[in-house]
Amino acid sequence: MLRTLRKPSSFWDMQTYKDGQRMGMTRFLAVRRDDIYSPNSVEKDRLILKRVCDQLKTMAQLDQPIRMIDEAELAAVEVEADCIVTMARSDAALQRLLDLERRGCKVVNTPEGVGRCQRSVLDKLMRKSGICMPPLTGEDGYWLKRGDAAAQSKDDVVFCEDAHELRHAQNSFRHRGITNFVVSAHVPGDLVKFYGVGNRMFHYFYPSDDGISKFGDELRNGKAHHFSFDVSALRAEVMKLAHLTGVEVYGGDVIIGHDGRFYIVDFNDWPSFSRCSEEAAEAIARQVLMK
């Protein structure tokens, strides 16, 4: 029987190996988020990163699992990677990632993007850019939020019934050494959580439908009425904000009013995607490989 000579299935069939990985292939590193930045979500945050690494290993046909380190280790270890997938948020880790990025390493999310998600920076960016968000004052109470970092405990996000209670809460923040904070009016309506990856994926969920909550603040808006709204418009607004910050893997909260108007009340880099972890992991891996 005549048989044809099998050609290599890919360019990589002809590559040599080093440390269990084919020479010439992208070298990845994953950086876990410090527990302090994952209040009540440590395992969920670690799960999404692991699933992204598993997807990258499969898609990139790697021979070994992707190395994972904690963000506290980043400054001390030798980094030999072409691409870093990171959930880090500390100043030290972001500075190290910025240095690596300047040396040519690809980083998702970029340290600059994560920095723009600092609440006080984000608040100014959103107001300057005309992003749909709550007004500064209102008649339904106020939200006081830590502005120098993402919430690390329930005390970093406080609801105040009126201006008097707001002033008291601000003083409490100052006593804790927190002088950077933001204030916005409370907006009645349906609280909706959204998750996105570039323009590949956009999902939204009602926390009151499944009962999943980090601090229980979602209860302030009560059970969702499922007010009708323009999903395409919301997605466009969220993607506009993602573009402004430079964040490719993101999530946040939005309030949908009874009239269908929406107000983005939170936006953050790389959430846990707890309601759609497997689908998000695939989308994130594809986003990373596209870079």
Side-chain angles (χ1 to χ4, degrees), residues 33-42 44-45 71-72 87-95 109 111-189 191-194 207 212-222 241 244-245 247 250-255 262-272:
R33 181 173 292 157
D34 194 288
D35 291 358
I36 193 174
Y37 301 114
S38 294
N40 300 332
S41 300
V42 172
K44 293 176 183 177
D45 281 353
E71 65 175 282
M87 299 180 76
R89 284 180 175 167
S90 68
D91 290 341
L94 293 180
Q95 183 58 56
N109 284 310
E112 299 97 328
V114 176
R116 295 187 192 103
C117 289
Q118 179 181 310
R119 201 181 299 277
S120 59
V121 175
L122 183 66
D123 186 83
K124 292 177 182 177
L125 177 64
M126 291 175 67
R127 295 194 186 281
K128 179 180 178 181
S129 305
I131 298 293
C132 298
M133 60 188 301
L136 293 172
T137 61
E139 299 180 353
D140 297 291
Y142 297 89
W143 286 98
L144 175 65
K145 301 178 181 181
R146 181 174 186 161
D148 61 341
Q152 299 172 24
S153 72
K154 183 176 177 60
D155 294 334
D156 290 341
V157 179
V158 180
F159 175 76
C160 306
E161 294 284 356
D162 51 34
H164 174 74
E165 195 170 304
L166 174 62
R167 287 191 295 271
H168 177 75
Q170 289 172 323
N171 287 332
S172 295
F173 268 41
R174 294 187 185 99
H175 286 311
R176 293 170 57 204
I178 301 173
T179 57
N180 183 342
F181 43 75
V182 298
V183 176
S184 62
H186 174 70
V187 179
L191 177 65
V192 173
K193 287 193 172 291
F194 60 82
I212 298 176
S213 173
K214 182 180 290 188
F215 297 127
D217 291 328
E218 296 88 347
L219 299 175
R220 180 65 56 179
N221 284 74
L241 182 53
L244 286 169
T245 58
V247 170
Y250 52 86
D253 298 346
V254 60
I255 301 295
F262 55 80
Y263 308 83
I264 297 176
V265 297
D266 195 18
F267 182 85
N268 50 76
D269 59 283
W270 206 318
S272 63

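For reference, positions follow the sequence shown, starting with 1.
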**OP:** Drop me the distance from Glu71's CD to Leu94's CG, to the nearest 0.5 angstrom.
**Re:** 7.5 Å
Original post:
Listed by chain and number, what are the salt bridge (Lys or Arg N to Asp or Glu O under 4.0 Å) partners of Arg176, not counting sequence neighbours?
Top reply: Asp156
Subject >> salt bridge (Lys or Arg N to Asp or Glu O under 4.0 Å) partners of Asp140, counting only residues at least two apart >> reply: none
**OP:** Any salt bridge (charged side-chain N to carboxylate O under 4.0 Å, His left out) involving residues 124-134? Give me the pairs, sequence neighbours left out, ordered by first then second residue.
**Re:** Asp123-Arg127
**OP:** Could you tell me which residues satisfy side chain to side chain donor-acceptor pair (under 3.5 Å) with Gln170, sequence neighbours excluded, listed by chain and number?
**Re:** none
Note, [X] side chain near [Y] side chain (heavy atom, < 4.5 Å):
X      : Y      : value
Leu244 : Met126 : no
Leu122 : Val182 : no
Thr137 : Tyr142 : yes
Val265 : Pro134 : yes

Original post:
Within a reach of under 6.0 Å around CG of Asp91, are more than 12 heavy atoms found that belong to other residues, nucleotides or ligands?
Top reply: no
**OP:** For Asn221 and His186, run side chain to side chain contact (heavy atoms under 4.5 Å, CB included): C-alpha distance rounded to whole Å, both residues' side-chain angles, the deciding distance at 0.1 Å, then the answer.
**Re:** CA-CA 9 Å; Asn221 284 74; His186 174 70; 3.4 Å; yes
Original post:
Who are the side chain to side chain contact (heavy atoms under 4.5 Å, CB included) partners of Asp269, not counting sequence neighbours?
Top reply: Arg33, Arg89, Asn109, Val114, Cys117, Val247
All N/O donor-acceptor pairs, side-chain side in residues 157-168, below 3.5 Å, sequence neighbours left out:
unit_1 : atom_1 : unit_2 : atom_2 : d
Asp162 : OD1    : His164 : N      : 3.2
Asp162 : OD1    : Glu165 : N      : 2.8
Glu165 : OE2    : Glu161 : N      : 3.2

What are the two closest heavy atoms between [X] and [Y], and how far apart are they?
X      : Y      : result
Phe194 : Asp253 : CE2-N, 3.5 Å
Thr245 : Arg116 : O-NH1, 2.7 Å
Val254 : Ile264 : CG2-N, 4.0 Å

Do any N or O atoms from the side chain of [X] and from the backbone of [Y] form a donor-acceptor pair under 3.5 angstrom?
X      : Y      : value
Asp266 : Gly252 : no
Asp45  : Asp35  : no
Ser41  : Lys44  : no

